Amino acid sequence: MKSNEKNTLTEEKVNSLLKRKERLAKSKKITGLTFVWIMLLIMYLPIMYLILFSFTESKIIGQWNGFSIASYIRLFSTKYPDSIKIWTAAWNTLWIALVSSLLSTLLGTCGAIGMHFLSKKIKAAFNLATQIPIVNAEIVMALSLVILFAFLGLRTSIFSLIIGHMVLTLPFVVINVQPKLEQMDPSLYEAAMDLGATRAGALFKVMIPDIVPGILSGFMISMTLSLDDYVITSFTKPSTGEDFHTISTYVNGLLSKATLPIQLRSFTAIIFGLIVVLMIAYSIFNIRKGKKA
Amino acid sequence: MSNSKVVDNMTSIASRRSNHVKEPRKIFSIPYGVFLVLFIIFPILLIFFYAFTNKEGNFTLDNFKSLFVNGQASSTLKVIGTSLGVAALTTVICIIIAYPIAYILANSKFNKNKVLVYLFLLPMWINFVIRTIATKQILEFIGLDSKMYPWICSIIGMVYNYLPFTILPLYNTMLKLDKSQIEAAADLGANPVHVFFKTIVPMTIPGIVSASTMTFMPTMSSYVITDALSNRTIQLIGKQIESKFMLDQLNVGSVYAIIMLILIGASVIIENIFSEKKGAR
């Protein structure tokens, strides 16, 4: 009887202690998450601000002149030179990113495969050279490329721009493919060869499928870097003919002007919407894949 | 006797076979190697060549003199000092803000899926020049005019832009944190401050080091943000290189590039010292 009482007493004590601990953890969790959400809010504030004012027709952001979708209509009308400039810059940004990323992915994947079979010393030299553009300041790479083309007596052109973006992105393809090659089971490749596969067959059926995730993430990082690039683009973009602009260089050129074209707000809003949709689609795709596996 | 001969034979066949399998794959690295030499290594060597020559290609020290002699030294040193100052300040603020964020994101108690992590990375997909312009306008809206407060505005812009680059490496190290050590420290009576400085911080030093370099290096050379948010009053090394490029003074620009390379080399050495210390423990 007595021992039983004692037991319930200690049980109560333990329970209250546990509850206190739980409450403490809960309050900690709430403070932590509040902090994170406040930071997120601040991070998104400038973009949300642009998007909010894409729905009004005032020259200056921060001045609400009533709801209007004029900035969207203007963006899609060819009557306004600013709209044409934005779309041309957007198209340039996109195709430069696609072409340079594809070339980087191809060259980088081949390079990583080749490097995998090199002797240790030469491989170390390759790895060191691969690290240079990653560690180096972008502006030094940009200047060095301009000097290279000046040295060769060439003007900067689309070619130098693509090369510039490849210098920027290529190392990231290589460092993304390399770990996948190292994880690969070398005996599989040899087994394929022993079982009569041709070299090309072994390469495409055994090796490439194993490293596809690395190739894809290398390509994605290349696209991200290339789309966002300003410094290398402004140095290596074509210097002759009519003004060549990507979004970065076009918008930077607007900085000195008093007012920004209102289409820029609707353009940003559309791009942001697109990114959100892509992100959600990607997450859903990942979740489904996770469920299947 | 005959047995060992057979083994010898077999190993020689095996090694020949594996050579035969491996050798031809090497050639895949040739195009990449050519690209590295032609567009990465050779251009950097050219920077040194240009720094020590004039427009005609004759050897000269005038490029260095133009930056460090005849009263120019103070303004050049000011640019270097400003760059280091902006970079250091941005890095420290970024780490102070990013550290708790990364800790919370990596802790499964707070964050069960990766959605929050993605949310922090999402703004990176909006062009950073557009983001900078938006930052400038919102700062003006709340009364922080870039003409009146160039330093505050520039640092806010820098932190805003580089925060995701600081969060990511920290987050990756914190995912691998040994939670039992933290719990053990707490159970053995360490107060939260001690737990933080004696167990969590030492375990995350590699993340702090890589986050610092990810932030410090690009900040020093990125002139777009300071241009926009300081009304071109804060001059970084990157800005100097750009203006020399605009004036077609590639030789003088090369000297600035060399200064930049020296600073990069120094920070790489510092990074290595810190990560080695960690490795030795």
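The structure displayed is predicted, hence computed values, not measured ones. Proteins get letters first, then strands, A, B, ... in listed order; numbering begins at 1 in each.
The most heavy-atom pairs under 4.5 Å with chain B, out of A/Ile271, A/Val135, A/Leu170, come from A/Leu170. Heavy-atom pairs under 4.5 Å with chain A were tallied for B/Leu119, B/Thr135, B/Ile44, B/Leu250; the largest tally goes to B/Leu119. Interface summary for chain B: among A/Asn136, A/Val231, A/Leu227, the most heavy-atom pairs under 4.5 angstrom belong to A/Asn136. Interface remark: of the candidates B/Thr132, B/Ile133, B/Ile258, B/Ile237, B/Ile133 forms the most heavy-atom pairs closer than 4.5 Å to chain A. Of the residues considered (A/Ile132, A/Ile163, A/Thr93), A/Ile163 shows the highest number of contacts with chain B, using heavy-atom pairs under 4.5 Å. Listed options A/Tyr230, A/Tyr44, A/Phe35, A/Phe272 were ranked by heavy-atom pairs under 4.5 angstrom with chain B; first place goes to A/Tyr44. Contact tally against chain B (heavy-atom pairs below 4.5 Å) for A/Phe267, A/Phe53, A/Phe235, A/Tyr250: the top residue is A/Phe235. Ranked by heavy-atom pairs under 4.5 Å with chain A, the list B/Ile30, B/Val224, B/Ile41 is led by B/Val224. When the candidates A/Ile247, A/Ile113, A/Ile134 are compared by the number of heavy-atom contacts under 4.5 Å with chain B, A/Ile247 comes out ahead. The residue among B/Tyr118, B/Trp125, B/Phe49 with the most heavy atom pairs within less than 4.5 Å of chain A is B/Trp125.
Looking at B/Ile93 and B/Ile97, their side chains come closer than 4.5 Å, going by heavy atoms from C-beta outward. Counting only heavy atoms from C-beta outward, the side chains of A/Leu128 and A/Gln131 never approach each other to under 4.5 Å. Using a 4.5 Å cut-off on side-chain heavy atoms (C-beta onward), B/Ile241 and B/Tyr223 make no contact.
In summary, B/Asp248 and B/Lys55 engage in a salt bridge, as defined by a charged side-chain N under 4.0 Å from a carboxylate O.
Both the backbone and the side chain of A/Leu45 come within less than 4.5 Å of a heavy atom of chain B. Of the atoms belonging to A/Thr109, not a single heavy atom falls under 4.5 Å from chain B. For B/Tyr50, the part lying under 4.5 angstrom from a heavy atom of chain A is the side chain only. Using a 4.5 Å cut-off between heavy atoms, A/Ala125 does not touch chain B at all. Interface remark: B/Met214 contributes no atoms to any contact with chain A (heavy atom separation under 4.5 Å). Only the side chain of A/Met141 comes within contact range of chain B, judged by heavy atoms closer than 4.5 Å. For B/Thr213, no part lies under 4.5 angstrom from a heavy atom of chain A. For a residue to count as touching a neighbouring chain, one of its non-hydrogen atoms must lie under 4.5 Å from one of that chain's; by this rule B/Ile264 touches chain A with the side chain only. Of the two parts of B/Tyr256, neither the backbone nor the side chain holds a non-hydrogen atom closer than 4.5 Å to a non-hydrogen atom of chain A. For B/Pro218, no part sits under 4.5 Å from any heavy atom of chain A, backbone or side chain. The part of A/Thr224 that comes within reach of chain B is its side chain, from C-beta onward, which places non-hydrogen atoms under 4.5 angstrom from that chain. For B/Glu242, the parts lying under 4.5 angstrom from a heavy atom of chain A are both the backbone and the side chain. In this structure, the portion of A/Met279 lying under 4.5 Å from any heavy atom of chain B is its side chain and not its backbone.
Annotation: B/Tyr103 is not in aromatic contact with B/Phe196 [ring centroid separation under 6.0 Å not met]. Ring centroid separation for the pair B/Phe141 and A/Tyr49 comes in under the 6.0 Å cut-off.
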Take A/Asp228 and B/Asn127, measure what side chain to side chain contact (heavy atoms under 4.5 Å, CB included) needs, and give me the verdict at the end. CA-CA 5 Å; A/Asp228 212 35; B/Asn127 188 291; 4.1 Å; yes

Please step through side chain to side chain donor-acceptor pair (under 3.5 Å) for the pair A/Ser239 and A/Thr156, ending with a clear verdict. CA-CA 6 Å; A/Ser239 55; A/Thr156 50; 3.2 Å; yes

Show your reasoning for whether side chain to side chain contact (heavy atoms under 4.5 Å, CB included) applies to B/Lys239 and B/Thr226. CA-CA 9 Å; B/Lys239 184 67 194 167; B/Thr226 45; 6.0 Å; no

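Checked by atom type, the side-chain pair A/Ser226/A/Thr169 shows no donor-acceptor distance below 3.5 Å. A donor and an acceptor atom, one from each side chain of A/Thr249 and A/Ser234, are nowhere located under 3.5 Å apart. Side chains of A/His165 and A/Thr236: no donor on one and acceptor on the other come within 3.5 Å.
Annotation for B/Met174 and B/Ala102: closest pair SD-C, 3.9 Å, computed over non-hydrogen atoms.
Taking the six-membered ring where tryptophan is involved, the planes of B/Phe39 and A/Phe149 are essentially parallel, since the angle between them stays under 30° and well short of 60°.
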